2 protein chains.
Amino acid sequence: MPKETFFRLPKEKQQRLIDAARIEFSKSSLQEASIANIVKLADIPRGSFYQYFENKEDLYFYYFENLRSIRTQDIEACIKEHDGDFFIGFETYFRQLIEDVFTGPNVDFYRNLFLHIDFKATNRFSPESMADDKMSEYHHQKMKKHLTELKHLIAAIDTSSLNVKTERELIMLFKLMMSIVFASINSGYYKQKRGKELVVKELIEEFSTKINWLKNGVYLGEKGE
Amino acid sequence: MPKETFFRLPKEKQQRLIDAARIEFSKSSLQEASIANIVKLADIPRGSFYQYFENKEDLYFYYFENLRSIRTQDIEACIKEHDGDFFIGFETYFRQLIEDVFTGPNVDFYRNLFLHIDFKATNRFSPESMADDKMSEYHHQKMKKHLTELKHLIAAIDTSSLNVKTERELIMLFKLMMSIVFASINSGYYKQKRGKELVVKELIEEFSTKINWLKNGVYLGEKGE
DNA sequence: ATTATATACGACAGCCTGTCATATTACAAG
DNA sequence: CTTGTAATATGACAGGCTGTCGTATATAAT
């Protein structure tokens with residue numbers, strides 16, 4: 001999280017930093033990017049950077065959360081839009097997400113994000129637990145917020161026609177779905193590039209196939225419990 | 001891939017490097033680890049390191065592939081063991097994998113691996129495609145080998161009772177399964193630690209639940225096509 | 001013995017991070 | 001308007017790390 005000082009800065013200076021972040025993190029992954037480059041791009045002295053942010057990651061996730069294309073609330077909205085239908089809701093969400101990720105104004109940023117993000121960071125999207133010891137107070141708060149949002153989302157799901165017995169299972173199902181979403185996006189970056197639209201179309205089809213498996217089962221024949 | 005020189009080295013010296021890799025990569029993630037540390041541990045001059053390996057990653061993946069706990073062949077064996085049953089085969093595989101990862105001699109290495117590996121590197125387990133331009137000849141070969149192994153594995157699956165129409169869909173299903181495996185392992189690192197055995201037990205149960213969803217569908221009631 | 005080839009070695013250029021002492025500005029209180 | 005305090009700005013710097021390169025040494029072949 002940016003420090004107080006950053007938010008007290010004139011908007012124009014803040015924007016310079018955000019622009020620099022976009023440029024640098026579109027060109028390089030979080031790992032490859034350097035503060036040296038960012039301060040050069042934003043034309044601020046190196047010392048100042050550390051007055052605004054803890055480190056590279058701090059700026060990165062601030063930038064990322066400002067785009068906020070992966071929001072629990074968005075998923076929740078999609079599910080509510082379809083009367084609590086978990087699967088239809090998620091397909092709707094996936095369609096808009098994939099569109100943004102592959103054809104929106106931040107394609108390059110997303111490319112680096114999804115190719116290089118590690119599993120641990122995945123928890124910034126769907127929090128696993130609060131068990132991590134070395135977590136800053138800020139992160140602790142963030143996690144708490146995420147968990148609240150998650151509970152909220154969970155509550156919006158109509159479970160009457162789902163084979164899900166407990167809330168714990170429902171959360172498992174949600175996380176399973178999220179991992180399918182991430183894997184699906186990722187596979188998009190490896191498709192032969194005949195044009196973004198085709199890739200998007202193919203991804204949506206494949207996602208549907210997967211969701212259908214999950215909905216109705218991969219086994220043929222009668223459903224037995 | 002290590003350079004020729006490395007393989008011509010006396011076994012003892014090779015071992016020193018492998019040991020150093022284990023120590024360093026158990027203490028730090030690939031990202032945090034440093035060659036400086038490794039050469040200090042192995043007691044070889046820095047210059048020599050570059051005579052044996054391209055870089056840090058080179059040693060890392062050499063070490064990793066020497067453990068080889070995640071092998072297409074292992075999965076194939078498990079599936080064959082159960083007469084081509086994809087799901088039973090995978091559950092068997094998962095059980096032995098999770099055991100190795102959480103209680104085997106390389107727990108710390110695996111911890112860093114699974115928490116910090118990025119999605120792109122995931123392709124070293126289940127290759128996505130050959131489309132990556134900036135791929136070395138070596139990697140190209142590796143990918144080809146992986147793909148061959150994958151085809152082989154795919155052929156061992158009995159699809160007669162699966163709702164899978166094409167080979168392409170079968171590969172999709174396999175990859176879906178792999179992403180569930182990774183996500184499952186990962187979630188293990190966030191569980192309250194009441195002891196490894198309990199975590200392993202819980203993970204296996206959760207994996208079963210997920211597989212059951214995938215087998216029979218999350219939707220209740222009659223199965224419709 | 002001589003020469004070519006493979007290996008060993010550590011100094012070094014170049015890059016990066018996070019900090020710190022110092023300079024500058026903003027602002028409140030007298 | 002002046003003075004003191006807190007906030008902000010700034011770039012030099014210590015300490016690390018990577019990959020390379022010139023030189024030294026060993027090995028083998030003739």
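All values reported here derive from a predicted model rather than from experimental measurement. Labels below follow one simple rule: chain letters A, B, ... track the order of the sequence lines, proteins then strands, and each chain is numbered from 1.
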Residue B:Pro45, side-chain atoms from C-beta onward, closest of C:dC9, D:dC17, C:dT17
C:dC9
Give A:Phe6 one of three labels, base, sugar-phosphate or nothing, depending on what nucleic acid heavy atoms sit under 4.0 Å from its own.
nothing
Closest nucleotide among C:dT17, D:dA9, D:dG19 to the A:Lys56 side chain:
C:dT17
Separation of D:dT10 atom P from A:Leu9 atom CG, nearest Å, is 10 Å
When rounded to whole Å, the CZ to P distance for the pair A:Phe53 and C:dT19 reads 16 Å
Measure NZ/A:Lys40 against C1'/C:dC15 and give the value in whole Å, please.
10 Å
At 4.0 Å (heavy atoms only), tell me whether B:Phe49 reaches a base, stays on the sugar-phosphate, or touches nothing.
nothing
From the list C:dA6, C:dG18, D:dT18, which nucleotide is the closest neighbour of the side chain of B:Arg8?
C:dA6
Taking only Lys NZ, Arg NE, NH1 and NH2, and the carboxylate oxygens of Asp or Glu, determine whether A:Lys145 and A:Glu65 approach each other closer than 4.0 Å.
no
Of all the nucleotides listed (C:dT17, D:dA9, D:dC17), which has the minimum atom distance to the side chain of B:Ser34?
D:dC17
How many Å lie between CD1 on A:Ile38 and P on C:dG18, as a whole number?
11 Å
Determine yes or no for a side-chain-to-main-chain donor-acceptor pair under 3.5 angstrom, with B:Glu149 supplying the side chain and B:Gln73 the backbone.
no
Starting from C1' on D:dT10, measure out to CD1 on A:Ile44 and report it in whole angstrom.
11 Å
On DNA chain C, does the nearest nucleotide to A:Asn55 precede the nearest nucleotide to B:Gln51 from the 5' side, or the other way round? Give the residue.
B:Gln51
B:Arg46 side chain, from C-beta outward: closest of D:dA9, D:dA7, D:dT20
D:dT20
Shortest side-chain distance from B:Tyr50, nucleotide among D:dT18, D:dT8, C:dA8
D:dT18
Between atom CG in A:Asn37 and atom C1' in C:dC16, what is the gap in whole Å?
10 Å
Rounded to whole Å, how long is the line connecting atom CD of B:Glu32 with atom C1' of C:dT17?
15 Å
Is a side-chain donor or acceptor of A:Lys27 paired with a backbone partner of A:Ala33 at a separation under 3.5 angstrom?
no
Roughly, in whole Å, what's the span from CD in A:Gln31 to P in D:dT18?
12 Å
Check every strand shown and say whether B:Lys13 touches a base, only sugar-phosphate, or nothing at a heavy-atom separation below 4.0 Å.
sugar-phosphate
Under-4.0 Å side-chain N/O to phosphate OP1/OP2 contact, B:Tyr52 with C:dA8:
yes
If only atom types and distance count, is the side chain of A:Glu206 paired as donor or acceptor with the main-chain N or O of A:Leu203 below 3.5 Å?
no
Contact class for A:Ser48 (heavy atom, under 4.0 Å): base, sugar-phosphate, or nothing?
base
For the pair A:Ser184 (side chain) and A:Ile180 (backbone), establish whether a donor and an acceptor sit closer than 3.5 Å, ignoring hydrogens and angles.
yes
